[in-house]
Structure formats: C-alpha cells, structure tokens
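The figures that follow rest on heavy atoms only: side chains count, while hydrogens, waters and symmetry mates do not. Fair warning: this is a prediction, and the values are worked out from it, not measured in the lab.
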Amino acid sequence: MSATRMQWLSPRNLRLLNPGRNESLRRGGSGCRSLTLPLSPGRALSGPSATRRGLPKEKMTENRAPPRAKVLTIDTMNPTVRKVEYAVRGPIVQRALELERELSEGMKKPFVEVIKANIGDAHAMGQQPITFFRQVLALCSYPELLNDSTFPEDAKSRARRILQSCGGNSMGSYSASQGIDAVRQDVARYIERRDGGVPCDPDNVYLTTGASDGIVTMLKLLVCGEGATRTGVMISIPQYPLYSAALAELAAVQVNYYLNEEKCWSMDLGELQRSLEEARRHCNPRALCVINPGNPTGQVQSRQCIEDVIRFAAKERLFLMADEVYQDNVYADGCQFHSFKKVLFDMGPEYSDAVELASFHSTSKCYMGECGFRGGYMEIINMDEEVKAQLTKLVSVRLCPPVPGQALMDLVVNPPQPGEPSHDKFIKERTATLSALAEKAELTEQVLNTVPGISCNPVQGAMYSFPRITIPEKAVKEATDKGQQPDMFYCMKLLEETGICLVPGSGFGQREGTHHFRMTILPPKDKLTILLNKVKEFHQRFTQQYS
Amino acid sequence: ISCYLSRSANTQFSVRRSARDITNMSQQAANGLPCRGKVLNLDNMNPNVRRVEYAVRGAIVQRALQIDKELKEGVKKPFTEVIKANIGDAHAMGQKPITFLRQVLALCAYPDLLDDNKFPDDSKQRARRILEACGGHSIGAYSSSQGIECIRQDVARYIEKRDDGISSDPDNIYLATGASDAIVTMLKLLVCGKGRDRTGVMISIPQYPLYSAALADLAAVQINYYLDEDKCWSLDIAELKRAVTAARQHCNPRVICIINPGNPTGQVQSRQCIEDVIRFAKEEHLFLMADEVYQDNVYAEGCKFHSFKRVLFEMGPEYSTTVEMASFHSTSKCYMGECGFRGGYMEVINMDPEVKAQLTKLVSVRLCPPVPGQALLDLVVNPPQPDEPSYDKFMKERTAVLAALAEKAGLTEQIFNTVPGITCNPVQGAMYTFPRITLPQKAIDKAKAEGQVPDMFYCMKLLEEEGICLVPGSGFGQREGTFHFRMTILPPTEKLKFVLQKISDFHIRFTQEFS
C-alpha cells in the first residue's frame with residue numbers, strides 16, 4: 001500500500017490534479033486507471049478514465065503529450081509476477097553481491113571474501129569440470145580440433161556423433177524443439193539401464209533448458225479452472241522455491257504438505273491426506289510434486305515411501321511430478337536412489353498403465369555440476385496423446401533448448417565406457433567428486449550438531465543441509481520489529497559479520513515457529529570446515545547477544 | 001453468434017465434467033483405485049496453451065520431418081532431400097560459423113587449450129576475460145540472473161557505439177535465452193486486468209508468430225495493425241490509429257511491438273517512420289517493444305538500420321525521458337546465425353525502477369541464461385579489432401556472409417517477380433521473402449473442402465511434390481483474401497536458385513491444375 005501511495009503522490013501524478021489541464025487529465029487516464037488507488041481524494045480521479053474510450057480521435061492527438069505516470073508501474077504490472085518469490089536469489093544474495101563490490105573497492109569488512117553457500121553451484125565453489133565432457137564440448141564448438149591428435153579418440157567419436165545429428169553439422173543450428181533425436185535416444189537408453197530394463201520411449205523424452213524449464217512447462221499444462229475449481233498443486237514444505245514461484249506466476253493454488261523433520265524429513269501419508277482434504281475445500285488438487293533426493297532437506301526416500309506416494313497419487317487422481325535432479329547424489333549408508341518410474345513399473349500394470357508421471361533430470365547437479373549450460377530433460381509417462389501433442393507445440397514456441405546443453409546432456413547419459421581411452425580418467429574424476437561430497441555431507445552434519453541450538457538431520461543426499469536453529473525470543477522480537485522474518489534477520493547478520501551467504505528457511509517454507517537455513521555442502525573441504533566453524537561461532541555469539 | 005454459442009456449450013460441458021469429477025472423487029475414495037480418463041487431458045488442460053499456435057514449427061514442419069524419415073527409410077519420392085526453407089536457421093543451411101567465435105568458445109569450454117599455440121592470442125585473451133568473469137572461472141557455473149556483468153558492460157558499449165555515443169547503462173541490459181525469452185518476459189510483465197481492462201498488445205500483421213503465441217499463452221488481447229504490402233510492407237500511422245481506437249472498445253492497449261527489419265516481411269523502416277511510431281507510442285501511452293534482431297541484416301541500397309533507441313534520443317528529452325521501451329537482440333541472426341546457442345539480450349529504457357526490480361526478481365527464478373550463449377554474445381558485441389590478429393579473417397568471413405545474403409535477397413525478388421501469380425516486395429533486410437501468391441478459385445474451394453486454409457493447402461502440396469518446406473502466410477497473418485508464404489533466403493546461392501526454380505515451376509503447374 002505504501003508503494004501505491006507514493007506512486008500516487010509523486011509529482012508527475014500530482015500534476016494531474018490540476019483542474020486546468022482537463023485534456024491531459026483525460027489522456028492521463030490510460031496510465032492511471034488501473035492503479036489500485038488508496039481510499040483517498042484521488043479516488044474521484046478514476047472518473048475521467050471511464051470517458052477515455054469514448055474520446056473522439058482528434059482530441060487524443062490535438063494536444064502535446066502531458067506528463068504522466070509510466071505505462072508500466074508496479075501497480076499496473078502483471079499481479080502474478082509481483083507474487084513471485086525466489087529466495088535462493090533473493091535480498092540476501094543481492095546484499096552479498098553488494099558486499100563483494102564493496103570489498104573489491106577496498107572497503108574494510110570483518111572478512112576478506114564473501115562465501116556464497118546459498119546455491120548449489122559446484123563450479124563456482126571450485127569443483128573442476130569433468131575433462132571428457134569439456135573436451136567433447138570444445139570439439140563440438142570448434143570442429144577443426146577433430147584433427148588434433150591431443151584429443152582422445154572416444155572424445156572425438158562422441159563429438160562427431162553429436163555434430164552429425166545437428167543441422168549443417170553445427171551446434172549453431174536450431175535443434176528439433178523436443179531436442180536432438182540422437183540425444184533423446186541416448187537419454188532413453190540411460191533411463192532403461194538405470195531402471196533395470198524398464199523400457200523408455202525416446203518420444204517421451206523432452207530435452208529442456210535445465211530442469212526448471214521442464215518443471216514450469218509441465219505445471220503450465222496442468223493449470224486450469226477458476227475459483228474452487230482452480231488447479232491445486234501439492235508441494236513439500238520445505239520446498240525448492242522454483243515451485244512456489246512458478247505456481248504464483250501461473251496463479252495456481254499452492255497446496256502445502258509438510259515433511260517430518262523428526263523423521264529425517266520423510267514424507268508421511270497421513271500428512272498428504274490431510275493436506276489434500278483441506279485443499280479440496282477451496283481448489284482442485286491435480287498434481288503432486290516430490291523432490292527426491294530432497295532439496296533443501298537432503299533426505300533420500302525409501303522404496304516403500306515411493307510406493308505409498310504412487311498409490312496415493314493413483315487413488316486421488318493426481319499427476320505425479322518427480323524432481324530427481326539429485327539422483328546421483330546419494331551419500332548415506334543404506335540409502336539408495338529409487339526412481340519413481342522404476343517403482344511405478346515394479347508395481348504392475350494396474351499402476352504403470354494408469355499413473356501419469358513426469359520425471360525431471362538436469363546436467364547441473366550430480367558429479368558434473370554444469371549449471372551454466374542449462375541442460376536437462378523430462379520423461380513423461382502415460383500422458384494423454386492429445387496433451388503430448390500440445391506439449392510439443394508449446395515447447396516449439398521457444399524453438400529449442402540450448403544445443404551445447406543438449407550435447408552435455410548426451411555425454412552425461414552416455415559417458416566413457418570401460419575399454420574406451422577416457423574411461424579411467426572419467427571414473428577417477430567422478431568418484432573423487434562424489435566421495436568428497438559424501439565426506440562433506442557427513443562433516444556438515446557432525447559439526448553443526450555440536451552447536452547448542454543447531455540441530456541437523458543427516459544429509460543423505462543432494463547438496464544441502466537444512467539445519468534447525470533456535471533463535472532467542474529477543475532476536476525474534478527485534479526481527480519482527482524490523483519487519484523481517486527471524487531467520488532472515490539471522491542470516492543477514494551472519495552475512496554482515498562473517499561474509500557467509502546462506503538462505504533463510506522462510507524462503508523454502510517451514511513449520512510455524514521453527515527456523516532454519518539452507519547451506520550447500522559444496523565448498524572445498526578446508527573452506528567448508530572454516531565456514532562451519534564460523535557459523536558455529538556466530539550462532540553462539542548471536543545466542544549470547546540476545547539472551 | 002455461432003462462435004458464442006459453441007463457446008458457451010463448451011463451458012457447460014466442462015462444468016458438467018467437473019461436477020462428474022467431484023462425484024467420482026468421493027466414489028473413488030471408497031472404492032480404491034479408480035478406472036477412468038487421464039488426470040490431464042485436452043479438456044482440462046490449461047486452455048491458454050491450447051490457443052497457442054506457432055506456424056514456423058507447425059503442421060507443415062511435422063510433415064517435413066516425417067518425409068525426411070521416409071526418405072531415409074528408402075521410400076521413393078519425386079525428390080531426394082527435403083529443403084527446410086521454413087526457418088531462419090543459417091548453419092542448417094550450410095553457413096559456416098565464424099572461426100573466431102568458435103575458437104573462443106572452444107577455449108572457454110576446455111581451458112587447457114589456452115596453452116595450445118594453435119589459437120591466436122586475441123581469442124585466448126577474450127576467453128580468459130570471459131572465464132575470469134565466471135564463478136570458479138568455469139562456464140559451468142551459474143551466472144547472475146541478469147547475465148554476466150562484464151558482458152553486460154560490453155553490450156552497453158556496443159550499443160553506445162552503434163548509436164553514436166548515446167549512453168547505455170549496463171544495469172539496463174538483461175541477457176536472455178535468445179531474444180524470444182526476453183520478449184515473452186517483457187510481455188508477461190505488461191499483462192494485467194480483466195475483461196475490457198485486459199492488456200492489449202499491438203502487433204504487426206504479418207507478424208512473427210512468437211508474438212501471437214505468447215499473447216495466447218498469457219491470455220492478453222492481440223491487436224492487429226496491418227503493414228502496407230503495396231508500399232513495401234511499410235508501417236502506416238493511420239492504420240496504427242485505427243487499430244488502437246478500435247481496440248479501445250474492448251481492451252486496454254498498453255504495448256506496441258515493432259519488428260525492424262521486418263520478419264517475415266523483410267522491410268527496413270525509415271528514420272521518419274520510426275519517429276512517427278515513437279510519437280504515436282507517446283501520444284497513446286504505449287510501451288514500445290522493438291524487435292531488432294535483424295539489425296545487421298540490411299541489404300537494399302538506400303536502406304539503413306536505425307535503432308529505436310537512437311531515434312528516441314535524437315527526438316529530445318520530451319521523448320527520451322518518457323517513452324518506455326525495450327529493444328531486443330540475438331546471436332541467432334545477422335552474420336553469425338548461431339541459433340543453437342540461444343544467446344540474446346534486451347535493453348530497457350525509462351522503465352520504472354520498481355518494475356525493474358520485479359523484472360530482475362522474475363528472471364532469477366530461471367537462474368540464468370545459458371552461459372555459452374552469453375559468451376557468444378560477448379564476442380558478437382566485442383569482435384576482433386583492426387590491430388588484433390584475428391581481425392582480417394573475421395572481417396573476411398563476416399563480409400562474405402553478408403554479401404552473399406544481399407545477393408540472395410536480390411536474386412529471390414528477381415526470380416519470383418518473373419512468375420505470373422507471384423509478386424514479391426524487395427527483401428530490404430532480415431532473412432525472408434514473403435511473396436503474395438494468387439491461388440485459383442478451384443484450389444481455394446478444394447482447400448476449404450479439405451478443411452485447410454488455402455495457403456496451407458498450397459504449401460503442403462509443394463512439400464509433397466518438391467520436398468520444399470515453406471510456411472503458409474496464414475501462420476503470420478495476412479489481409480483477408482490474400483495469400484502468401486514465407487521462405488528464408490538462407491540456402492547457398494546455387495541451392496537457392498534451384499529452390500526458386502522449383503517453386504516457380506510448381507506455381508505454374510498448380511495454377512494450371514486448378515484453372
């Protein structure tokens with residue numbers, strides 16, 4: 001409201017109040033008419049806009065243009081955009097960037113660098129790219145290198161294969177909108193191998209601009225209805241905020257189901273049922289989103305739990321969206337990744353012929369961490385043929401996903417095989433990354449759990465820890481007085497004092513009255529150790545200060 | 001009226017349907033696994049998606065891909081290959097990438113090559129600069145959502161140079177996943193209101209169907225203004241006035257979109273015309289979206305590309321401080337034609353700072369545009385300089401591509417205009433010709449009998465008989481009763497001659513067949 005008021009009272013609008021400029025007032029109407037006016041004298045001014053449409057053409061043009069509000073203001077902007085929030089790159093990250101700039105300008109701070117542990121950005125944290133992948137990408141970018149003897153033969157043969165499936169043998173051509181045929185075939189074979197032979201049809205694979213793109217596209221297809229029939233989408237709380245952001249933008253109804261923090265963030269059928277039944281009173285729940293391994297919560301779902309979820313989706317007629325981008329990031333002993341598709345097909349035709357499912361994967365996570373390439377795919381199962389045609393049409397409007405990302409996706413699903421020259425090096429690099437991650441997952445849990453007031457579930461998978469923090473009452477009050485979420489207040493203070501950038505739990509959702517933060521486990525071990533100790537010291541200091 | 005009736009029948013249908021669903025819901029809770037239709041079907045899918053159409057990759061392209069497959073499987077056809085002249089895809093048509101651009105991209109992808117003495121120093125120096133601006137010195141890191149800062153600075157400097165010193169603020173530059181991404185994002189910001197207050201967006205007819213598709217997806221109101229085919233597809237202010245006045249009866253026009261040089265129509269706007277459009281936008285209080293992705297593709301003598309921004313600033317502060325504008329550019333067109341990398345940018349001018357903050361937030365949800373595309377854009381706006389080792393080769397390659405395009409533009413116009421029943425405006429710029437074709441009444445009747453628009457009927461027949469894939473004019477919009485097709489001028493000269501000849505022969509045959 002305050003923004004609206006300021007907008008209204010700005011000088012350029014005040015000029016509209018001048019009764020001597022009736023013409024300008026009328027013409028200004030088109031800019032002001034959609035403003036959500038506060039209950040103020042200004043309200044009367046919405047009158048002239050009503051006459052605007054009927055104005056004869058001459059009157060519209062005879063005068064010089066009067067000063068008036070922008071065509072596009074916060075009040076006349078798409079209201080669903082305003083509701084979008086994306087904490088992973090929210091205000092705390094803005095501030096982190098500012099601090100970085102200040103540091104580089106020589107300003108003195110209690111730290112020498114900003115550590116961005118807010119986002120799962122492996123390379124930014126120093127992880128090295130997989131040599132084989134980058135060799136092939138270089139060859140695809142500049143095919144003259146195919147004559148260079150320093151590149152291994154398997155890299156060259158992969159590059160040749162990719163180039164041959166590109167128009168004009170160039171990555172600079174558009175691909176088919178669904179993605180390059182040969183790459184989709186490789187993805188299908190990869191899925192079959194992963195799922196112990198459950199068949200996969202390349203026609204059901206859509207390459208995407210990162211997994212985010214696939215997720216938003218699927219959600220877009222699903223949203224319809226008005227009022228109580230508006231599509232509701234069930235998402236876990238805590239969630240990855242892409243979901244809430246996409247739902248806000250699509251004006252779909254977000255239906256929260258809570259993960260059980262006491263049971264290592266597991267999913268609870270009773271909670272799903274509760275959430276669904278409550279939602280049915282005000283919307284039409286049609287989709288259920290599951291992130292496994294969990295982001296931000298790091299749990300890995302048991303096979304049993306996945307079965308239960310599938311049964312629930314079938315019974316309640318929900319479209320299942322399985323976000324499985326961390327499928328290669330499983331660290332904890334006794335945990336294993338089970339794909340929703342494999343479990344679905346293991347459950348027999350009663351389910352595998354009926355439950356509609358989309359599964360998402362990406363080149364950004366796992367051992368490769370190639371976020372910048374924006375590669376990904378989705379596989380759809382049991383989708384209505386007519387809807388599939390509509391999906392293909394819809395993605396064609398954006399022409400195609402970036403081809404270098406498609407090429408990279410191909411390498412991820414079709415890496416060097418035993419016997420090929422690059423195999424040993426590839427396996428060595430891959431194993432090194434994954435075992436370092438496993439070690440860091442454990443280290444993080446261990447260190448954070450030594451801090452009174454921080455409790456942390458094991459990081460079974462994915463790339464984040466989402467510990468619970470106890471914030472003293474005084475701090476909660478100070479935050480509330482400042483109009484801030486208590487965990488935002490905490491994280492901002494941490495950033496200003498230590499240079500460590502985390503994301504407050506409120507950006508992901510959490511049970512009322514609890515507070516958390518999300519931190520990646522990606523920094524190199526030495527740095528992670530320093531970081532964890534700094535967080536530890538800060539938490540103790542913070543707790544003392546507000547006790 | 002019949003349209004209204006069928007729509008209300010539809011609504012009833014869906015209401016009944018959802019009532020049935022609700023009954024089913026409670027039944028199924030008691031009975032276990034239900035056995036019935038899909039959760040997601042055509043009737044309960046997002047209705048906006050259904051309205052989206054994108055002719056450039058529509059039914060005819062699907063058929064072309066099928067024929068391609070059939071040919072590979074050995075099915076006999078009256079031709080040996082399908083020539084896809086439906087889309088501005090330069091490399092697919094055999095255009096070679098610019099060496100320097102690809103060298104730098106290879107260096108960025110695999111920095112070990114920086115030690116290789118086969119690469120010229122300027123390409124290494126560019127690669128180092130890009131990598132230094134990336135997190136962890138890797139193009140595998142996310143960039144900031146607005147795009148890598150040093151690239152945005154390079155873009156701003158490029159715009160300043162292009163516009164003879166008019167300043168450009170890197171903070172107003174947003175890198176994007178191709179220009180399409182930025183255009184859709186801008187439109188998304190602008191859409192609001194219900195019923196008569198719903199945002200209307202003015203687009204040219206013929207248009208590039210990204211616009212109509214995005215507007216359908218956003219449920220915004222499409223306002224058509226017609227280009228004047230008789231005056232080389234020029235823009236006529238009276239027509240703009242007519243369109244906006246008519247639209248005000250049923251929606252709230254807030255945006256005008258201009259494509260210059262034109263797609264699919266190939267015209268290059270005069271400076272005067274741009275001034276008039278800017279004045280019109282100001283008078284009618286419209287946000288101006290200037291699609292300038294073909295800014296380096298101007299061929300006709302006496303034609304020159306004038307950026308909307310430059311003209312806006314030359315009109316003085318009364319305009320340059322008020323008219324809100326976004327301009328779009330891409331790595332996919334011009335002399336480089338690097339479509340697959342999905343690089344692009346937009347510059348926003350006079351945007352409300354609060355809205356700008358919202359824009360920045362909105363783009364952050366998709367994390368960042370593809371970094372290889374960002375790197376490529378950097379090279380496009382900051383190519384080799386005269387004193388650098390790659391300069392000569394770069395200029396040679398660039399000039400060769402642009403000269404060939406100019407030649408092909410001339411050739412296309414010339415040949416088509418010799419065919420009775422085809423008339424073709426000069427291809428002043430961009431990459432397409434959009435000739436008007438005369439279709440015999442019998443053909444029109446036959447098409448209608450088959451439930452096809454006549455120019456789709458024509459293009460499908462051409463595809464089946466000659467293996468040439470064009471896009472029917474109806475996919476772009478055209479004046480009622482006129483017919484066109486869009487064809488790229490991108491095939492290599494010899495192949496283009498062949499294509500033009502085949503189309504000419506086909507047209508004559510088609511005309512005879514249906515006379």
Engaged part of B/N48 at the chain A interface, taking heavy atoms whose separation is under 4.5 Å
neither
Stepwise salt bridge (Lys or Arg N to Asp or Glu O under 4.0 Å) test for B/K118 and A/D148:
CA-CA 10 Å; B/K118 277 192 292 290; A/D148 191 317; 2.9 Å; yes
Given that the side chain runs from C-beta out, which part of A/S364 has a heavy atom under 4.5 Å from chain B: side chain, backbone, both or neither?
side chain
Closest non-hydrogen atom pair between A/G372 and B/P372, with its separation
O-CD, 3.7 Å
Please classify the contact of A/A176 with chain B as side chain, backbone, both or neither, using a heavy-atom distance under 4.5 Å.
backbone
A/E386 CD to B/R50 CZ distance, which is reported to the nearest 0.5 Å:
7.5 Å
Indicate the atoms forming the closest heavy-atom contact of A/R134 with B/Y110, along with that distance.
O-CB, 3.6 Å
Evaluate B/H91 against A/S173 for side-chain hydrogen bond (donor to acceptor under 3.5 Å, both in side chains), listing each step before the verdict.
CA-CA 5 Å; B/H91 291 198; A/S173 299; 5.1 Å; no
Quick check: B/Y142 with A/F373 (ring centres under 6.0 Å apart)?
no
Could you check whether any side-chain heavy atom of B/N44 comes within less than 4.5 Å of a side-chain heavy atom of A/R286, counting everything from C-beta outward?
yes
Ion pair B/K188/A/E249, N-O distance below 4.0 Å
yes
Are the side chains of A/L72 and B/R254 in contact, using a 4.5 Å heavy-atom criterion?
yes
If we only count heavy atoms from C-beta on, is the A/R398 to B/V184 side-chain gap below 4.5 Å?
yes
Any side-chain heavy-atom pair from B/V39 and A/L318 closer than 4.5 angstrom?
no
Which region of A/P241, side chain (C-beta onward) or backbone (N, CA, C, O), has a non-hydrogen atom less than 4.5 Å from a non-hydrogen atom of chain B, or is it both or neither?
neither
Checking heavy atoms, do the side chain of A/I119, its backbone, both or neither come under 4.5 Å from chain B?
side chain
